[in-house]
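A short write-up of the structure that comes next.
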Amino acid sequence: MKAISGPRASRTPWLRALPGPDPRSSSRSTRTRGSPVAAARAPVSSREALSTSTSSNGGASRWARIAATARSTVAAPSRAEITTLTTGAAGTVEGSAGAGGTSSAAGTRGSLRDGRGVRTACAAAVARAARGPAPTTATIDVMAPVTTSLGDPHARRRAFEDAFLSPAAARTWPADRDAEEPDCPLRTPLQRDRDRIVHCKAFRRLKHKTQVFLAPEGDHYRTRLTHTLEVTGIGRTVARALELNEDLVEAISLGHDLGHAPFGHIGEEALDACLAPHGRHFRHWEHSVRLVTQLEDAPSAVREAGGRGLNLCADVVDGIAGHSGRAPMPRTLEGRIVRVVDRIAYLNHDIDDAIRAGVLTERDLPGGPIGVLGTTASRRIDRLVQDLVATSRQVGDIRQGDEAGAAMDELRSWMFEHVYLAPDARTEHRRVHELVRTLFEHHLEADRAADGDRAGEGAGALTLPLAGEDGGWDRYQVHAVPAADADPLERATDWVAGMTDRYALRAFGELVIPRAHAR
Ligand SMILES: Nc1nc2c(ncn2[C@H]2C[C@H](O)[C@@H](COP(=O)(O)OP(=O)(O)OP(=O)(O)O)O2)c(=O)[nH]1
């Protein structure tokens with residue numbers, strides 16, 4: 001079996017915990033019954049079928065497990081008897097019964113309370129109570145936990161993770177953040193991280209950052225943003241198939257490339273070259289971490305908790321830090337998924353873009369790997385994903401099979417030779433180096449000139465005439481380091497790395513293109 005390059009991951013005894021494909025998945029109707037949400041919405045007759053199928057599995061089915069989990073946290077005598085639901089401090093849900101099993105006047109006001117006593121209207125409970133006593137059937141015991149937990153997303157998600165995720169999956173709780181924050185009542189900590197990433201400025205800038213083709217004019221070329229979305233989609237598929245934590249994979253994927261400099265890898269290389277004489281380096285994955293932990297504006301909840309940056313969960317930061325084949329291996333299986341699917345995504349979309357750009361034709365592609373993986377991007381992705389899932393399931397870690405893994409490596413080497421580092425591309429690379437060096441040195445010089453006058457916004461950013469001059473061009477707020485501690489190299493790096501391709505081009509133009517000084 002082939003692991004993606006990097007330190008060899010420890011083998012997790014995970015397979016034993018993972019069942020084979022669910023036999024119910026062959027039938028669409030029974031599969032629908034397997035979903036907690038679908039089951040909660042299903043008519044009583046379907047629930048009876050569910051109850052039957054649960055018991056006919058001798059209590060070993062997933063449904064029996066989730067019902068048992070939920071039953072242990074919910075006292076729910078029957079739907080008809082529930083008048084109020086109260087979530088306790090520990091997030092458990094308790095049902096309180098109306099006298100004599102009938103719904104009383106009070107019973108028409110179903111409500112939820114969290115541990116701090118915050119009261120939330122629960123429309124479903126209200127509607128149920130208003131309808132009056134419902135028939136008590138054998139299914140009620142199974143359904144009640146699902147029904148009652150609908151009002152408490154955290155209890156429902158915990159029950160889901162206990163029942164449906166592999167024991168080797170990363171768990172959503174406890175949320176390990178630098179600054180401790182109270183949970184959001186609706187979103188889980190990982191959903192919240194996902195939202196924080198999508199709402200941050202660095203995420204929006206990905207739409208104007210190169211994937212491979214510099215500052216592309218064509219509407220159909222990939223950018224770092226569309227690459228990020230493709231990685232997220234493929235990553236979720238793999239995580240779901242392996243019963244790992246999809247929410248974690250999603251958050252890592254969405255954040256993994258936030259730290260890319262303008263002009264993709266070439267910009268990264270150019271910034272690295274600027275820092276090398278000072279004994280420093282630039283790596284995009286480390287800069288992604290710097291962005292989410294320090295540079296991005298803290299959301300209000302983070303500020304209130306005394307934190308900085310996006311204050312993401314530690315597993316998300318770890319996955320971002322370890323997504324590149326050149327970085328240390330992430331500690332979670334979810335992080336390792338992103339590390340492999342990043343390559344699956346970029347190799348295949350880069351072939352597509354290279355053909356679109358006229359750099360390649362399909363006939364040029366190397367016969368060996370294409371023979372193994374398939375002749376179209378969708379077939380290749382499908383083959384690589386199926387292989388990754390099957391092999392990982394078998395060995396208990398995130399691994400590719402020997403044949404598919406070797407074919408992908410060969411294709412990647414071929415792409416380096418014929419696309420990424422091809423002679424035509426190298427000409428542009430020299431120009432990018434020149435541009436990045438000019439901007440970097442301009443910032444250092446401006447910082448020196450500002451000579452300690454650094455209160456408020458970054459002095460370097462103010463020296464560029466374009467900054468903040470018109471509505472279309474934002475000034476980047478990149479200097480999170482307090483003025484007194486400002487490190488000029490770090491400030492220049494943050495400033496250049498934060499640029500989009502077009503901002504960098506325009507900034508460079510402002511600095512080097514002579515302007516008329518008379519009208
Ligand atoms: N790795 C790398 N990618 C390049 C280079 N030039 C262009 N690219 C393109 C190919 C892919 O579309 C994309 C890879 O960017 P990523 O940020 O996903 O690379 P990362 O270091 O995470 O990938 P890796 O694990 O090293 O394959 O950049 C280069 O010199 N090195």
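Remember, it's 1-based here, ligands and their atoms both numbered in the order they're listed.
Checked by distance only, ligand 1 and H256 stay at 3.5 Å or farther apart across all their nitrogen or oxygen atoms. Ligand 1 has a nitrogen or oxygen under 3.5 angstrom from a nitrogen or oxygen of G325. The shortest N or O to N or O distance between H260 and ligand 1 is under 3.5 Å. On a distance-only criterion, E269 and ligand 1 share no N/O pair closer than 3.5 Å. Considering both main-chain and side-chain atoms, H284 comes within under 3.5 Å of ligand 1 through a nitrogen or oxygen pair.
Per-residue contacts place R326 under 4.0 angstrom from the following atoms of ligand 1 (heavy atoms of the residue considered): 21 (O), 26 (O). If you number the atoms of ligand 1 from 1 as listed, the ones under 4.0 Å from a heavy atom of Q211 come out as 9 (C), 11 (C), 12 (O), 13 (C), 28 (O). Applying the 4.0 Å criterion to heavy atoms of R224 picks out, from ligand 1, the atoms 13 (C), 15 (O), 16 (P), 17 (O), 18 (O), 28 (O). Atoms of ligand 1 found under 4.0 Å from any heavy atom of R412 (numbered from 1 in listed order, with element): 24 (P), 26 (O), 27 (O). Close approach of ligand 1 to H323 (heavy-atom distance below 4.0 Å) involves ligand atoms 22 (O). Close approach to V212 involves these atoms of ligand 1, each under 4.0 Å from a residue heavy atom: 9 (C), 12 (O). Taking a cut-off of under 4.0 Å to the non-hydrogen atoms of D350, the atoms of ligand 1 that pass are 10 (C), 11 (C), 12 (O). Less than 4.0 angstrom separates some heavy atom of R343 from each of these atoms of ligand 1: 24 (P), 25 (O), 26 (O), 27 (O).
For the ring-ring contact (aromatic ring centres under 6.0 Å, His included) criterion with H418, the lone passing option out of W414, Y420, F416 is W414. For the ring-ring contact (aromatic ring centres under 6.0 Å, His included) criterion with H256, the lone passing option out of H284, H287, H227 is H227.
Comment: E161 does not engage R158 in a salt bridge, judged by the lack of any side-chain N to carboxylate O separation of less than 4.0 angstrom. Salt bridge present: R222 and E230 bring a charged side-chain N and a carboxylate O closer than 4.0 Å. Salt bridge absent: R194 and D247 never bring a charged side-chain N and a carboxylate O closer than 4.0 Å.
With 3.5 Å as the limit, one finds no donor-acceptor pair spanning the side chains of T228 and D257. Under the 3.5 Å distance criterion, with hydrogens and angles disregarded, no donor-acceptor pair is assigned to the side chains of E269 and H429. Under the 3.5 Å distance criterion, with hydrogens and angles disregarded, a donor-acceptor pair is assigned to the side chains of E181 and N311.
Nearest-residue assignment for atom 14 (C) of ligand 1 (options H429, H349, H265; heavy-atom criterion): H265.
With hydrogens and angles disregarded, no donor-acceptor distance shorter than 3.5 Å links the side chain of D387 to the backbone of R383.
Other residues, nucleotides and ligands contribute more than 12 heavy atoms inside 6.0 Å of the CD atom of E428.
Residue contact annotation: F416 has a non-hydrogen atom under 4.0 Å from ligand 1.
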